Amino acid sequence: MEQVVARENMLAALKRVERNGGAPGVDGVPTERLRDQIRVEWSRIREELLQGTYRPQPVRRVEIPKPGGGKRMLGIPTVMDRLIQQALLQVLTPIFDPTFSESSYGFRPGRRGHDAVRKARQYVEEGYDWVVDMDLEKFFDRVNHDVLMARVARRVTDKRVLRLIRRYLQAGVMLNGVVVATEEGTPQGGPLSPLLANILLDDLDKELERRGHHFVRYADDCNIYVRSKRAGERVYRSVRHFLQERLRLKVNEEKSAVDRPWKRQFLGFSFYKHRGVRIRLAPKSLKRVKDKLRTLTDRNRSQPNPVPECLLAGLGWVLCALRCQVSL
DNA sequence: CAGCCTAGTAC
RNA sequence: CUUGUACUAGGCUG
Ligand SMILES: Nc1ncnc2c1ncn2[C@H]1C[C@H](O)[C@@H](COP(=O)(O)OP(=O)(O)OP(=O)(O)O)O1
Ligand SMILES: [Mg+2]
């Protein structure tokens, strides 16, 4: 905990929250006023953190539409709590991340989603051309607190840090002026949540490794490559059982399937067979690229001399989209 | 090589 | 009005 509240760690965390420039939490304090709030409240909050008595504020609930239909429930912590979680993240990452699986790619520094797709392509080419494609149902929202804290406690011994993390999980949600308790889940919007998600699913990775599976995982999107449909169906049932019993997580049956890899999409990509296995943009991603390109060109036509930075951004976007995604 | 900013993608 | 992590491209400064 001393490491968390250390001056340089807090300054780095402050920089990050300020530059993200996100919306305020339940207290309505914007990122621009975070420095002022620190000036008046930090000495008290620092003491509370060191004593293990700090209580986070509940998160603000915002619903945003999901691409596949349905809504995503964001939990936005106050800027002060985002600052503290960021400070925790910076200390906990070097403790947990180095021992995560090589097959885990989501939310991790220095790991590219594209490397996950490449690895998947390699497995398919090697003849593991059936995929058990699994996605978890409302993943962050359904994280079991006790299961997660047990995993965190395997590495963290400081009782104050453990208590603080649990209090973040239990901080509750503000719904029309009333605080509602959260008995499960880690907020979609908490800086620490992605790391906690990986800590929880690290047990899945270790189990799949122990079983000798060929797999890649990006957040709750887990692809296991096997040699036959029958093997895939057996693995699917078995892994689904493992997730349910050991991690208390439910597989999203709608989004999951055992199928041929070129019929599925992973991280916005898919495959096709032509002299071996090749990577292509998934139909959905291709469509969105085309739509974007259209609206962009239309805008440049209708307005002959727009803002120069808009044109610059448009050009940069096209270069990025075509170069980084397809060729690399 | 370090910092800062603007875009986009994944979840 | 919409948060978070990570990645990528482009630009600016010394
Ligand atoms: N925009 C976002 N902001 C914050 N967290 C996000 C965002 N998008 C995704 N996540 C995190 C939280 C999700 O639980 C997790 C997995 O994403 P995803 O599978 O798309 O949704 P989900 O698991 O919550 O619902 P579903 O049941 O539809 O799969 O990634
Ligand atoms: Mg999911």
Side-chain angles (χ1 to χ4, degrees), chain A residues 12-13 15-26 28 30-31 59-68 71-79 81-83 85-86 88-90 92-93 96-97 100 104-118 120 134-136 138-141 168 173 185-199 201 216-223 252 255 265-270 281-282 284-286 288-289 291-293 295-296 307-328:
Chain A
K15 264 191 184 176
R16 173 57 103 92
V17 174
E18 280 185 330
R19 113 165 90 119
N20 283 348
V26 285
T31 51
V59 296
R60 184 164 64 88
R61 166 73 80 247
V62 170
E63 317 221 322
I64 61 169
K66 269 194 280 196
K71 53 196 75 168
R72 158 164 281 119
M73 273 140 49
L74 298 181
I76 304 173
T78 63
V79 287
D81 285 321
R82 296 214 291 271
L83 174 77
Q85 284 196 40
Q86 181 63 44
L88 276 169
L89 176 70
Q90 288 163 7
L92 296 180
T93 296
F96 287 96
D97 196 85
F100 283 158
S104 165
Y105 292 87
F107 311 135
R108 296 185 59 191
R111 316 212 108 223
R112 275 94 51 110
H114 200 269
D115 291 340
V117 180
R118 281 181 175 180
M134 308 178 88
D135 188 283
L136 303 176
K138 298 251 160 300
F139 178 38
F140 278 30
D141 302 333
Y168 269 116
V173 199
T186 184
Q188 302 190 39
L192 196 57
S193 295
L195 205 227
L196 296 178
N198 274 333
I199 290 171
L201 289 187
V216 287
R217 183 176 68 77
Y218 192 100
D220 69 339
D221 207 345
C222 184
N223 282 10
N252 187 334
K255 287 193 188 177
Q265 71 157 354
F266 178 55
L267 305 183
F269 295 93
S270 190
L281 264 157
K284 282 182 186 175
S285 302
L286 195 67
R288 295 203 299 109
V289 167
D291 288 355
K292 188 83 185 178
L293 210 65
T295 60
L296 209 67
V307 198
E309 75 176 66
C310 169
L311 198 80
L312 199 73
L315 188 72
W317 188 86
V318 175
L319 284 171
C320 169
L322 298 181
R323 180 113 35 92
C324 81
Q325 300 281 2
V326 185
S327 76
L328 190 83

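Computed from a predicted model, the values in this text were never measured in an experiment. Residue numbers start from 1 in every chain, and the chains themselves are labelled A, B, ... in the order their sequence lines are given, proteins ahead of strands.
Of the C1' atoms belonging to U3(C) and dC4(B), the separation is 23 Å, rounded to the nearest Å.
Gln86(A) has a side-chain polar atom (N or O) that falls below the 4.0 Å cut-off from OP1 or OP2 of U5(C). Phosphate proximity of dG3(B) to Lys15(A): absent, as no side-chain N or O sits under 4.0 Å from OP1 or OP2. The side chain of Arg108(A) contributes no N or O atom lying less than 4.0 Å from OP1 or OP2 of dA10(B).
With sequence neighbours excluded, the residues forming a side chain to side chain donor-acceptor pair (under 3.5 Å) with Glu18(A) are Arg35(A), listed by chain and number. By the side chain to side chain contact (heavy atoms under 4.5 Å, CB included) test, Asn252(A) pairs with Asp135(A), Glu137(A), Glu254(A), Lys255(A), sequence neighbours left out. The side chain to side chain contact (heavy atoms under 4.5 Å, CB included) search around Ala120(A) returns Val216(A), Tyr225(A), Phe271(A), not counting sequence neighbours. In terms of the salt bridge (charged side-chain N to carboxylate O under 4.0 Å, His left out) criterion, residue partners of Arg111(A) (sequence neighbours excluded) are, by chain and number, Glu102(A). Residues passing the side chain to side chain donor-acceptor pair (under 3.5 Å) test with Arg108(A), sequence neighbours excluded: Asp97(A). The side chain to side chain donor-acceptor pair (under 3.5 Å) search around Ser104(A) returns Arg217(A), not counting sequence neighbours. Checked against side chain to side chain donor-acceptor pair (under 3.5 Å), Arg16(A) has no partners two or more places apart in sequence or in another chain.
For the pair Arg19(A) CZ and dC5(B) C1', the computed distance is 10 Å after rounding to whole Å. Rounding to whole angstrom units, OH of residue Tyr105(A) and C1' of U5(C) are separated by 18 Å. Rounded to whole Å, the distance from CZ on Phe269(A) to P on dC11(B) is 10 Å. Rounding to whole angstrom units, NE2 of residue His114(A) and P of A9(C) are separated by 12 Å. Distance CZ (Phe100(A)) to C1' (A6(C)): 13 Å, rounded to an integer number of Å. Rounded to an integer number of Å, the gap from CZ of Arg217(A) to P of dA10(B) is 19 Å. Going from atom CD of Gln90(A) over to atom P of G4(C) covers 14 Å, rounded to whole Å. The CG atom of Leu192(A) sits 10 Å away from the P atom of U5(C) (whole-angstrom rounding).
Using modelled atom types and a 3.5 Å distance limit, the side chains of Tyr105(A) and Asp115(A) yield no donor-acceptor pair.
Checked against C7(C), dA10(B), dC5(B), the side chain of Arg112(A) finds its nearest nucleotide in C7(C). Out of dC11(B), dC5(B), U5(C), the shortest distance to the side chain of Asp221(A) is found at dC11(B).
Within the 3.5 Å criterion, the main-chain N or O of Ile76(A) finds no donor-acceptor partner in the side chain of Arg60(A).
Under the 30°/60° scheme for interplanar angles, the aromatic rings of Phe107(A) and Phe140(A) are found to stand perpendicular.
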Can you check nucleotides 1-3 of chain C for protein contacts, nitrogen or oxygen pairs under 3.5 Å, and list what you find?
residue : atom : partner   : partner atom : Å
U2(C)   : OP1  : Arg60(A)  : NH1          : 2.4
U2(C)   : OP1  : Arg60(A)  : NH2          : 2.5
U3(C)   : OP1  : Ala23(A)  : N            : 2.9
U3(C)   : O2'  : Gly189(A) : O            : 2.7
U3(C)   : O2   : Gly189(A) : N            : 3.4

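Arg16(A) comes within 4.0 angstrom of sugar-phosphate atoms only, judged by non-hydrogen atoms across all strands, and of no base.
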RNA chain C in dot-bracket form (Watson-Crick or G-U pairs under 3.5 Å, [ ] crossing, | inter-strand) is ...|||||||||||

